[in-house]
Amino acid sequence: MSSTADSAPDFDSRNTVKSPALTELFSRPQFSIPQSEKERLLLGELTEMISMHRSACEPYRRITDVVGNPSQTYDSLTQLPYLPVALFKTHQLSSVPAEHVFKVMTSSGTTGQAVSRVILDRNTADLQSRALSTVIARVFGNHRSPMIIIDTPNVVKDRKMFSARGAGVLGMLPFGRRHFYALNDEMELDIPALREFVDRYSGQPILLFGFTFMVWKYFLQALTKSNVTVDLSQGILIHSGGWKKLADEAVGNSQFKTALREATGLLRVHNFYGMVEQVGSVFLEGDDGLLYPPNFADVIIRDPHTWAPAPNGTPGVVEVLSVLPRSYPGHVLLTEDLGVVHGVGDSAEGWAGKQLEILGRVPRSELRGCSDTHAFGTAPR
Amino acid sequence: MTAAQHPPVELGALDLGSGRPVRVQQLLPTRKSMDLGEVLARLSSAPVVAPFDSSRIEFVEEISRQLGRRGRGLPETQALAFWMRKSELSRLAQSFLELGSEQTFLMPRGTVFHIPPANVDTLFVYSWVLSTLVGNRNIVRLSSRVTDQSNLIIDTIAEVMADHPEVAGSSTMITYGHDDAITSTISASCDVRVIWGGDATVNQLRSIPIPAHASELVFADRFSMAAIDTATYSSLTSQKRDRLAALFFSDAYWFDQLGCSSARLLLWVGANNPRACATDFYDRVHEVARIKGYAVDTSAAIAKLAQAYGTMIDADVASYSAQDNTLAVLEMASFPDVRGEFCGAGLFYQLHVADLTEIVSDIRRADQTLATFGIPETDLKELVTNLRGRGIDRIVPFGQALQFSRFWDGYDLLSELTRKTTIAVKDVLG
């Protein structure tokens, strides 16, 4: 991936996938498979993964013994047993022998909170990078264009800063070239250098990547304040990281996009939604502002009172399904996010699959009880 | 660099050491920001009074009256008011007298420092009331996370205190942040420290010293259960089963099943169709929850699911059933060790046993309350005898699991909050 060739990363030569369904999901263009056909492909593959994980992961077998169908056969994706994502914080869930563990990924929990631990072997890690690459290519294209990283270069250099943010940036670098880091260590936008970069590559596509909040706060707001015009009409921005901080400032997706367009002429803006428990199967924002699952993933919204599938248009808890997790039983997960599916996209327009809107985190409740004195134990010491 | 190098607690210690005033928020007798030194000076200058002095009984009676009136629609506040009503106080005073004798005088211990839990709205009142009745000075550290119900109670006490300056002078309730230095200062001036809280909290607070002569009462994480005799249940009319379900509902759901005494494990005892009994009972409990409008928010519902699935990994779960979020049941194949972290909000472990003596070897120190229905008293006595104090501190009927008593977690609070002075007179030369 460190090659300087101007082509998108190509992993096909290292294809370790044996399943025909998985091969098909990878080889067909992303976001192109009509929903009913995709559900059929995913159901077959996920049912096989259930039996694979059952024989390889004792905790998963114990759970599915209780909540799965006794025959472990299923007629629809909604019937598949799901795991609450919090289980990855309380239990080690692995479907590979210890000597095959390639990497343990952890979520970026705030201090004092338990973190998710996700066990990867080489095969799953490889599937994840290949998947991410095909999904991002849908928006960034296969040509490695000049790329602006809306972050400080130290986010990938400084070991102490290395974090989920750093990992996110590192993961995106291979999709572009001539990387330009737009912020300095003080999170200040280097406007003259930005202009110079944009002018140098005028007339060709420019890729941009950054975290949603940083794009808003340190890029867009700095540009607006400076009164300097930077023409990004040829730009393509991918951003991620969630809306929580922006929601606090009452900024939603459409306001975000309008502001970017007005300030820079940037038209192609794509949010993405993903989680450490299902790396690779990221949902990407289509032209209509809604999130679409890639070929290897799907989403089901569940009614938080009955856990039954919620009809389109009804908000509920987001369940995500992915055929990528082979080394840990993360293929069907109930998240702690709220969302709503508005309908199904049109493959003719290049965005097939369910149309998801993420509404944010499930608000934390404060239950009563007598075991918590005053969280004395969580005071920093 | 780690966070441990910049602990706010040490900054607090510096403030105390340098003699600069440390501010705490006083809630009672009046709401205002105060210097900790001032709070402690005022408290230590107040006299203690004899146990069950009429001034203190009247004070508590008046709080009970006011809470009963103002706490309409708040069952926990009503229960609190009922617990300290006039007739109950007389009974309490009478039984207290029996702790003493002609030669054994009961005296207050001095200053009692109470650290109640953050999120049982009413619990902070119970140990404070008992300690007030026996004549102590009291300082209560409340969480800054004060609920509406707690505020109503605090305001009520404040008004009653205004008419009882003597009690007001010897009682204070304050709140402050996570500050070990403040806790240390208060601890250094107490005669008894009462700690309620999770095991981690208890351990941390215990590392803060109290004077050598002081004593400490600790109420840590507990686990509680309920037992129903299947033969008795089977013979009940539908109406009585509904009443039993309603009693169980208040035991289990009042504090979102997070009260230490709320049952998490339900034992079905005997061979009389235990599964059918259980299903029938849960349907009725579910119906009570529906009528009472008990609602589980999404975050709690997800936590319940995660706890249930985690239990499937950690213990022998035979089946899982949930009608909706208000009541979920994990049927266990063996007695589960599921003590500790708990989600609450209506998750029950269920076990069928032929006989209560079956559980003796599974009982642990953390086990507190056993609420029972239909189990003969002789069987319960046999159980307690066989346990030899290893676990289970109280056995109560359904509907009384949350009823606070002077006997709690194996302590007699009235006895622990007083000291006994003995007099022996004898003509040694005669």
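A, B, ... follow the sequence lines: proteins, then strands. Residue 1 opens every chain.
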Just checking, any donor-acceptor pair under 3.5 angstrom between side chains of A:Trp307 and B:Asp324?
no

Rounded to the nearest 0.5 angstrom, the CD-OG distance for A:Glu336 and B:Ser299 is 7.5 Å

State plainly whether the residues A:Arg62 and B:Asp314 are in salt-bridge range, i.e. N to O under 4.0 Å.
no

Between B:Ala328 and chain A, which part of the residue has a heavy atom less than 4.5 Å away: side chain, backbone, both or neither?
neither

Residue A:Ile63 versus chain B: region with a heavy atom under 4.5 Å:
both

Can you tell me which portion of A:Thr335 sits under 4.5 Å from chain B's heavy atoms? Options are side chain, backbone, both or neither.
backbone

Using non-hydrogen atoms only, which part of A:Tyr82 is less than 4.5 Å away from chain B: side chain, backbone, both, or neither?
both

Sub-4.5 Å side-chain heavy-atom contact between B:Met312 and A:Asp65:
no

Please examine the side chains of B:Asp297 and A:Val362, heavy atoms only from C-beta on, and report whether any two atoms are closer than 4.5 Å.
no

A:Leu87 to B:Ala306 - nearest heavy-atom pair and separation
CD2-O, 3.7 Å

Check each atom of B:Asn203 against the heavy atoms of chain A and say whether the ones under 4.5 Å are side chain, backbone, both or neither.
neither

Given a strict heavy-atom distance threshold of 4.5 Å, which part of B:Ser319 is in contact with chain A: side chain, backbone, both, or neither?
backbone

Heavy-atom check, side chain of B:Tyr309 versus side chain of A:Val67, under 4.5 Å:
yes

